[in-house]
Number of protein chains: 2
Amino acid sequence: MRKLTKEEYIETIHVLQKENGRAKTGHIAEHMGVRPPSVTQMLAKLQGEGLVEYEPYLGARLTPAGAKIARELMARHRVIANFLVILGIDREAAEKDACAMEHHMTGESAVRLKKFVEFIQTAPRDPQWVGKFLKYCETGERECGEK
Amino acid sequence: MRKLTKEEYIETIHVLQKENGRAKTGHIAEHMGVRPPSVTQMLAKLQGEGLVEYEPYLGARLTPAGAKIARELMARHRVIANFLVILGIDREAAEKDACAMEHHMTGESAVRLKKFVEFIQTAPRDPQWVGKFLKYCETGERECGEK
DNA sequence: CCTAATCGTTAGGTATGCCTAAATAATATA
DNA sequence: TATATTATTTAGGCATACCTAACGATTAGG
């Protein structure tokens with residue numbers, strides 16, 4: 001797999017913490033496809049930055065600062081994944097692709113995409129153009145009566 | 001700036017090559033915000049992978065394999081930037097954000113986004129919902145007559 | 001309780017991409 | 001042509017994120 005970032009560790013810890021109360025080294029490693037020593041090392045680093053609290057042999061928990069970052073990331077993830085689903089990508093692939101993208105989408109673009117997804121999802125009715133778009137993808141043809 | 005990838009070097013070389021015939025170390029460095037030695041080093045690496053041909057003190061040119069990658073990247077970049085512009089981001093910011101995203105958007109998602117942009121740009125008329133969306137961004141309100 | 005298996009950490013090493021400082025090649029100028 | 005300026009490369013280091021191998025702690029079974 002590609003090189004993981006601190007943010008991705010934070011996200012994983014966030015998830016495991018909700019399941020088990022504490023995120024243990026081995027679980028994090030398994031979840032992220034790296035070896036335990038890499039996790040130990042990263043936990044030390046994150047602790048140094050005040051993002052996790054880490055008790056050797058016991059596991060890690062996010063500090064409030066770490067939890068804040070996790071929440072922001074997950075929100076971004078949700079937006080991107082939902083967008084991809086709207087475009088017709090299946091849920092599973094969308095989640096995976098969102099993982100790869102979420103750490104590189106920032107600032108104005110992220111805000112706009114969020115609004116866009118919101119705009120579509122809260123539409124009075126499922127907007128017609130979405131259906132037309134999906135049809136266009138399959139057939140390459142626009143619907144006849146399209147205005 | 002964040003850490004640059006081989007792909008970004010290839011893109012830069014592609015651009016400079018079109019301007020000057022050869023991409024010189026100093027120009028590449030300036031363009032990418034790194035120091036010349038970093039460029040020399042990367043050129044050696046890219047040459048080793050058969051992506052550029054590099055004559056010390058003269059400059060670099062992409063091999064056919066390198067040029068192919070460059071074209072694909074630029075196409076992806078164009079799609080992403082155009083999409084962001086549709087969402088109402090100004091051109092300059094869109095180009096910048098696209099740079100950050102283009103290397104992490106792959107596979108099915110890239111294909112779908114391309115189709116989506118195409119779908120909008122080739123619409124018989126500028127689709128109405130785009131205007132409605134931009135208005136929604138500004139005011140938070142949907143247009144009255146929206147169906 | 002004590003040993004065995006498991007889980008985690010420490011130690012040491014690889015790869016990548018960046019840097020500065022110093023040496024060398026190319027180019028422009030006197 | 002000789003020298004000064006500029007451009008590029010070489011040499012040596014730093015930081016990050018990963019790894020394997022070896023050691024130490026924890027937990028479970030006998």
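Chain letters run A, B, ... following the sequence lines, proteins first and then strands; every chain starts at 1.
- Atom CD of A:Glu102 and atom CE of B:Met101 lie 12.0 Å apart (nearest 0.5 Å).
- As rounded to whole Å, 16 Å separates atom P of D:dT16 from atom CG of A:Leu43.
- Within the structure, a side-chain polar atom (N or O) of A:Arg35 is placed less than 4.0 Å from OP1 or OP2 of D:dT20.
- With rounding to the nearest 0.5 Å, the separation of OH in B:Tyr136 from CZ in A:Phe116 is 11.5 Å.
- Taking atom CG of A:Leu4 as the reference point, atom C1' of D:dC18 lies 9 Å away to the nearest angstrom.
- To the nearest 0.5 Å, atoms CD (B:Glu7) and CZ (B:Arg76) are separated by 6.0 Å.
- Of the candidates C:dG8, C:dC18, C:dG17, the closest approach to any side-chain atom of B:Lys6 belongs to C:dG17.
- The interatomic distance linking B:Met32 (CE) with C:dC19 (P) rounds to 11 Å, in whole Å.
- Looking at heavy-atom distances under 4.0 Å, B:Pro37 makes contact with a base.
- Within the structure, every side-chain polar atom (N or O) of A:Lys24 is placed at least 4.0 Å from both OP1 and OP2 of C:dC7.
- For A:Lys45, the listed nucleotide lying nearest its side chain is D:dT16; candidates were D:dT16, D:dA7, C:dG8.
- For A:Met42 and C:dG8, the CE to P distance is 17 Å, given to the nearest whole Å.
- Side-chain proximity of B:Val34 to the nucleotides D:dA17, C:dC19, C:dT10 is greatest for C:dC19.
- The shortest distance between the side-chain N/O atoms of B:Tyr57 and the OP1/OP2 oxygens of D:dT10 is not below 4.0 Å.
- Distance CD (B:Glu30) to P (D:dT8): 11 Å, rounded to an integer number of Å.
- Residue B:Ile28 contributes atom CD1, which lies 12 Å from atom C1' of D:dT8 at whole-angstrom precision.
- A straight line from CD of A:Glu7 to C1' of D:dT16 spans 15 Å, rounded to a whole angstrom.
- Rounding to whole angstrom units, CD of residue B:Gln41 and P of D:dT8 are separated by 16 Å.
- Nucleic acid contact for B:Thr25: sugar-phosphate only, since backbone atoms but no base atoms lie under 4.0 Å from a heavy atom of the residue.
- Within the 4.0 angstrom heavy-atom criterion, only backbone atoms of the sugar-phosphate kind lie near B:Pro56; the bases stay farther away.
- Between the side chain of A:Thr12 and the backbone N or O of A:Ile28, no donor-acceptor pair lies under 3.5 Å.
- Residue order along DNA chain D, read from the 5' end via each residue's closest nucleotide, puts A:Thr5 first among A:Thr5 and A:Leu58.
- In terms of phosphate contacts, B:Ser38 brings no side-chain nitrogen or oxygen within less than 4.0 Å of OP1 or OP2 of C:dC18.
- Distances were taken from every side-chain heavy atom of B:Thr40 (C-beta onward) to each of D:dT8, D:dA17, C:dT9; the shortest belongs to D:dT8.
- Applying the 6.0 Å contact sphere to CD of B:Glu53 captures no more than 12 heavy atoms from other residues, nucleotides or ligands.
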